[in-house]
Amino acid sequence: MPTLVMKFGGTSVATLDRIRRAAKRVGVEVAKGYDVIVIVSAMAGKTNELVGWVGETSPFYDAREYDAVVSSGENVTAGLMALILQEMDVPARSWQGWQVPLKTNSAHSQARIEEIPTENINTKFAEGMKVAVVAGFQGISPEGRITTLGRGGSDTTAVAFAAAFDAERCDIYTDVDGVYTTDPRVSPKARKLEKIAFEEMLELASLGAKVLQTRSVELAMRYGVKLRVLSSFEENDETAGTLVCAEEDIMESNVVSGIAFSRDESKMTLISVKDKPGIAAAIFGPLSDAGVNVDMIIQNIAEEGLTDMTFSCPTDQVKRAEKALNGAKEAGVLEFEELVADTEVAKVSAVGIGMRSQSGVAAKMFKTLSDEGINIKVIATSEIKISVLIDRKYMELAVQALHDAFELEKA
Ligand code: ADP
Ligand code: ASP
Ligand code: MG
């Protein structure tokens, strides 16, 4: 039998009624002759609640217990989905990550998938089971502890299953009907894309578009998984949603395909560091050891042998960064006058594979922001993206102005 993977996100399984609606979609695919692997998220809001409870116990919680708690939301939906399918006379069984077993490394709360053996589930398919309902987001470490794959990780579970079971397609059912030129909740002019290249989706996701977890796009690209994003609330036909595919499969690519943004960025500046060889290593070594994900970096021109060094990182890592840098100062391995954190910034990025062959995109982006009176604090570019750090209060304005400037509402 051909295999299909269908993933339902939190809002798509938020209530029993919605799980019933999702189960009906699964039933339709079973009737077409597919063996279906359904990946479910926790009910909407559940994971946030669980994360909040863990945080209330202590700011220095044990990551293994964090995973034990926050993985539990998915267990509930997996069981309920299997029960509802059984009520519909569809032979279904639920699987928690460890039962599959979905094997990961030991990086608790951010674990990476290492292997998905297919025997257990395939044996059940051979015995007549039509649907395996798998709890997304979770796995088991080599030590036998429950792990989770990072927020939004059910997308990655889904793609990994599609690769392991050589599924015909991986359908990601969510609360929007596809991937848009920007978050449709921020810009009403956002346009749904029929197709998007893996590379572009990878950049959009890593720059803040949470419609797919970054790692899921990486996996789909590596294993050539046919990945589709579509609505769990609307009627869908064969061409519904957005197909994430190889660049060659897109006839005409735009210079800019999408605008992504990330609200929870912070900018940190070390004032008056010595401008000498080894200074960058002395700053970013301790930050890396502390697990701070440094994103953009700028070093000012030195005056009298002293310079300022600025970098950005996620806001929830600012305290950790301060601790690491002040620690290095106290240990005498780093000298600076002051450390200033600006936690009111956001990152806005333009992404498009067409940028490779077209110049002037950066200039247009900067001009557009300047016309709106928005000051750019930091800039970073790569082959197919340009990112800027700006005051957070201008984020929505910047997204909309750039969407207009690059005429993204037009196909
Ligand atoms: P799920 O719970 O189904 O995993 P998510 O909330 O994780 O859903 O992802 C879907 C959300 O992603 C949408 O509701 C939308 O607000 C947001 N989003 C951000 N950027 C985009 C984009 N470019 N296209 C579509 N949705 C986007
Ligand atoms: N429930 C998890 C989260 O909210 C995983 C997911 O939904 O993808 O992050
Ligand atoms: Mg998600």
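Counting from 1, the numbers follow the sequence of the chain as shown. Only a predicted model underlies this, so the values are computations on that prediction, with no experimental measurement involved. We count ligands from 1, going down the list as the structure has it; atoms in each ligand are counted the same way.
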Exercise for the section: Considering only non-hydrogen protein atoms, determine which one is nearest to atom 13 (C) of ligand 1 and report residue, atom name and distance to 0.1 Å. Expected result: D175 OD1, 3.5 Å
Practice task
Please state whether the rings of F8 and Y173 are parallel, tilted or perpendicular, taking 30° and 60° as the class boundaries.
Solution key: parallel
Handout entry: Evaluation steps, side chain to side chain contact (heavy atoms under 4.5 Å, CB included), between V26 and L85
Key = CA-CA 8 Å; V26 176; L85 285 163; 4.1 Å; yes
Exercise for the section: Run the contact test for G152 against ligand 2 with a 4.0 Å cut-off on heavy atoms, strictly below, and give the result. Expected result: yes
Exercise for the section: Applying side chain to side chain contact (heavy atoms under 4.5 Å, CB included), run through T104 and I140 and close with a yes or a no. Expected result: CA-CA 6 Å; T104 71; I140 183 166; over 6 Å; no
Exercise for the section: Check ligand 2 against R151 and write out every atom of the ligand that is under 4.0 Å from a heavy-atom position of the residue. Expected result: 3 (C), 4 (O), 9 (O)
Handout entry: S387-S349 side chain donor-acceptor pair, cut-off 3.5 Å
Key = yes
Handout entry: T147 side chain to Q138 side chain, donor-acceptor N/O pair below 3.5 angstrom
Key = no
Fill in the blank from the handout: Looking only at protein heavy atoms, what sits closest to atom 7 (O) of ligand 1 is K210 O, 3.5 Å
Practice task
Within a distance under 4.0 Å of any heavy atom of K7, pick out the atoms of ligand 1 and give their elements.
Solution key: 4 (O)
Problem - Side-chain ion pair, E247 and R356, N-O less than 4.0 Å - result: yes
Problem - Per-atom contacts of ligand 1 with R185, taking only distances under 4.0 Å to non-hydrogen atoms - result: 13 (C), 14 (O), 15 (C), 16 (O)
Practice task
Decide whether the shortest distance between a heavy atom of G153 and an atom of ligand 2 is less than 4.0 Å.
Solution key: yes
Handout entry: Proximity to ligand 1 by part of K192, non-hydrogen separation under 4.0 Å
Key = neither
Exercise for the section: Tell me which part of T181 gets within contact of ligand 1: side chain, backbone, both or neither, using heavy atoms under 4.0 Å. Expected result: neither
Completion exercise
Taking only non-hydrogen atoms of Y180 and a 4.0 Å limit, the atoms of ligand 1 in range are 22 (C), 23 (N), 24 (N), 25 (C)
Handout entry: Face-on cation placement of K130 at F125 ring, 6.0 Å and 45° thresholds
Key = no
Practice task
Answer side chain, backbone, both or neither: which part of D183 comes under 4.0 Å from ligand 1, heavy atoms only.
Solution key: both
Completion exercise
atom 2 (O) of ligand 1 sits nearest the protein heavy atom G10 N, 3.1 Å
Handout entry: Carboxylate-amine/guanidinium proximity below 4.0 Å for E407 and R191
Key = no
Problem - Reported CZ-to-CG distance for the pair R18 and D175, which is rounded to 0.5 angstrom - result: 8.5 Å
Problem - Contact (N/O only, under 3.5 Å) between S41 and ligand 2 - result: yes
Handout entry: Sub-4.0 Å heavy-atom approach of E74 to ligand 2
Key = yes
Handout entry: Proximity of F284 and F311 rings by center, below 6.0 Å
Key = yes
Problem - Interfacing atoms of ligand 1 (cut-off 4.0 Å, heavy-atom, V179) - result: 24 (N)
Problem - Closest protein heavy atom (residue, atom, distance) for atom 27 (C) of ligand 1 - result: V211 CB, 3.7 Å
Exercise for the section: May I ask whether G178 has any heavy atom positioned less than 4.0 angstrom from an atom of ligand 1? Expected result: yes
Exercise for the section: Around atom 8 (O) of ligand 1, find the nearest protein heavy atom and jot down its residue, atom name and distance. Expected result: T174 OG1, 3.1 Å
Exercise for the section: Output the distance between atom NZ (K103) and atom CD (E115), rounded to the nearest 0.5 Å. Expected result: 4.5 Å
